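Here's the structure we're looking at; comments come further down.
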Amino acid sequence: MRSTAAFARCLIVASLAMLAACAGMTPKPATTPWNDARQLVLVTTADWNATTGTLRRYERNGGQWRQTGETTPISVGRNGSAWGLGLHSPQPDAPQKQEGDGRAPAGVFRIGTAFGYADTASTAWPYEGMGASDWCIDVPASPLYNRIVDAKQVGDAAVEGSTEPMRRDLHANGDVRYKLGFVIEHNAGNRSGAGSCIFAHLWRAPGEATAGCTAMPEPAMRELLAWLDPRRKPIFALLPRNELERLHAQWDLPAPMHAE
């Protein structure tokens, strides 16, 4: 009798578990390296070859991302985008970011230091005013690859060959693009040839493609920098729409907007 009763109890427990599953119990939240993020800058594009897209800001209070502010038009690499090196797991079945490929890195990334031509900016985010001797090193063979350095400190020979002066207004005929921006921490390990000097910065003209960065209007950048809060550990994500559709639940990101 005792064995029969025990078997009956097992059947009841199994049946309750099956009923709970069928009732659609709430799944556990995704576990990601960015679980602590409470702010998200999300860029979506139509596909891997698209050079324009949209930027949305999200905040998370509790378990759900909610958009805040307006949707912003942006431009990305002149050849679209490709998987970068960030917080996300490797994704082999698509283009992979390489130095000089004209693609913006896709994935999820920490946000690095903000920068600009002025000494200060209206932001709580870490900010550095750039000078004429500041360069980002895009020479793969350099030991300073993918770093912003001051030639006064590292020497002129160390920045030789770099095409990324941080004061483009002084070195590139008044170019405004780096007037205000921030570092996207792609390739934080500085792997040679995997892509360097990836920023969010201003565009010179609406929709003008970049060498691999994300560009936007100046008012949108100023609003974004004023919103970033170090206490909320913001992240930056860039994904083609179909990849966001495929990964948003697994990566704990908002679903793509159907209106796009």
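This one's a predicted model, so the numbers in the text were calculated from it and none came from an experiment.
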Distance from Ile74 atom CD1 to Thr52 atom OG1, nearest 0.5 Å?
7.0 Å
pair Leu225-Tyr127: side-chain heavy atoms closer than 4.5 Å:
no
Stepwise side-chain contact (heavy atoms from CB on, under 4.5 Å) test for Asn79 and Asp101:
CA-CA 7 Å; Asn79 293 320; Asp101 62 2; 5.7 Å; no
Hey, could you give me the CE/CG distance between Met257 and Leu42, rounded to the nearest 0.5 Å?
8.5 Å
Main-chain N/O of Glu208 paired to Ser75 side chain as donor or acceptor, under 3.5 Å
yes
Can you tell if the side chain of Pro217 reaches within under 4.5 Å of the side chain of Thr72, non-hydrogen atoms only?
yes
Would you find more than 12 non-hydrogen atoms of other residues, nucleotides or ligands less than 6.0 Å from Glu128 atom CD?
no
Counting C-beta onward and ignoring hydrogens, is there a side-chain heavy-atom pair between Val159 and Ile137 closer than 4.5 Å?
yes
Output all residues satisfying ring-ring contact (aromatic ring centres under 6.0 Å, His included) with His248, sequence neighbours left out; order by chain, then residue number.
none
From Cys213 atom SG to Leu238 atom CG, the distance as rounded to the nearest 0.5 Å
11.0 Å
Linking I/L/V/M/F/W/Y whenever any side-chain heavy atoms sit under 4.5 Å apart, do Leu144 and Phe199 land together?
no
Of all heavy-atom pairs between Gly107 and Leu239, which one has the smallest distance, and what is that distance?
N-CD2, 4.2 Å
Heavy-atom check, side chain of Arg66 versus side chain of Glu59, under 4.5 Å
no
Determine whether a donor-acceptor pair (N or O, by modelled atom type, separation under 3.5 Å) exists between the side chain of Trp34 and the backbone of Pro234.
no
Which pairs, with at least one residue in residues 200-224 and sequence neighbours excluded, count as a ring-ring contact (aromatic ring centres under 6.0 Å, His included)?
Tyr178-His201
Under the salt bridge (Lys or Arg N to Asp or Glu O under 4.0 Å) rule, what do Asp150 and Arg167 come out as? Steps first, then yes or no, please.
CA-CA 12 Å; Asp150 186 344; Arg167 285 298 302 265; over 6 Å; no
Considering all heavy atoms of both residues, which atom of Gln98 and which atom of Gly193 are nearest to each other, and what is their separation?
OE1-O, 3.2 Å
Just verifying a value: how many Å separate Arg103 CZ and Lys97 NZ, rounded to the nearest 0.5 Å?
9.0 Å
Between the side chain of Asp252 and the main-chain N/O of Asn35, is any donor-acceptor distance below 3.5 Å?
no
For the pair Phe109 and Phe236, name the ring-plane relationship: parallel under 30°, tilted 30 to 60°, perpendicular over 60°.
tilted
Taking Val76's backbone N and O only, do any of them form a donor-acceptor pair with Thr210's side chain (distance below 3.5 Å, no angle check)?
yes
Would you mind reporting whether Thr32 and Val108 have side-chain heavy atoms less than 4.5 Å apart?
no
Going hydrophobic residue to hydrophobic residue with side-chain gaps under 4.5 angstrom, can you get from Val43 over to Leu244?
no
Output yes when a side-chain donor or acceptor of Tyr145 lies under 3.5 Å from a complementary backbone atom of Gly195, and no otherwise.
yes
With a 6.0 Å cut-off (strictly less than), is the heavy-atom count around CZ of Arg191, excluding the residue itself, greater than 12?
no
Main-chain N/O of Ala200 paired with Thr214 side-chain donor or acceptor, under 3.5 Å
no
Quick check: closest heavy atoms across Gly77 and Thr51, and the distance to 0.1 Å?
O-CG2, 3.3 Å
Any donor-acceptor pair under 3.5 Å from Asn146 side chain to Asn187 backbone:
yes
Compare all side-chain heavy atoms of Phe182 with those of Met221 and state whether any distance is below 4.5 angstrom.
yes
Donor-acceptor pair, distance only, cut-off 3.5 Å: does the side chain of Gln96 make one with the backbone of Gln91?
yes
Do you know the tightest heavy-atom contact between Pro240 and Ser81?
CG-OG, 4.0 Å
Are Glu160 and Ser162 linked by a side-chain donor-acceptor pair shorter than 3.5 Å?
no
Is there a side-chain contact between Arg204 and Arg177, using heavy atoms and a 4.5 Å cut-off?
yes
If you measure only the distance, is there a donor-acceptor pair under 3.5 Å linking the side chains of Ser196 and Asp138?
no
Transitively linked via ILVMFWY side-chain contacts under 4.5 Å: Leu180 with Val176?
no
CZ/Arg231 to CG/Asp229 distance, rounded to the nearest 0.5 angstrom?
4.0 Å
Shortest non-hydrogen contact from Gly129 to Asp134?
O-OD2, 4.3 Å
Going from CG on Leu55 to OG1 on Thr71, what distance comes out if it is rounded to the nearest 0.5 angstrom?
8.5 Å
Please determine whether residues Met216 and Trp227 belong to a single hydrophobic cluster, defined as Ile, Leu, Val, Met, Phe, Trp and Tyr linked transitively by side-chain heavy-atom distances below 4.5 Å.
yes
Thr54 and Thr44: side chain donor to acceptor below 3.5 Å:
yes
I'd like to know if the side chain of Tyr58 and the backbone of Pro254 have a donor-acceptor N/O pair within less than 3.5 Å.
no
Is it the case that more than 12 heavy atoms not belonging to Asp36 sit under 6.0 Å from its CG atom?
yes
Give a yes or no on whether Leu224 and Trp125 share a hydrophobic cluster (residues Ile, Leu, Val, Met, Phe, Trp, Tyr; joining criterion: side-chain heavy atoms under 4.5 Å apart).
yes
Please report the closest heavy-atom contact between Pro105 and His186, naming both atoms and the distance.
CB-ND1, 3.7 Å
Is there a side-chain contact (heavy atoms from CB on, under 4.5 Å) between Arg110 and Ile235 once you walk through the steps?
CA-CA 5 Å; Arg110 293 292 180 194; Ile235 53 174; 3.6 Å; yes
Minimum side-chain heavy-atom gap Glu243-Trp251 below 4.5 Å:
no
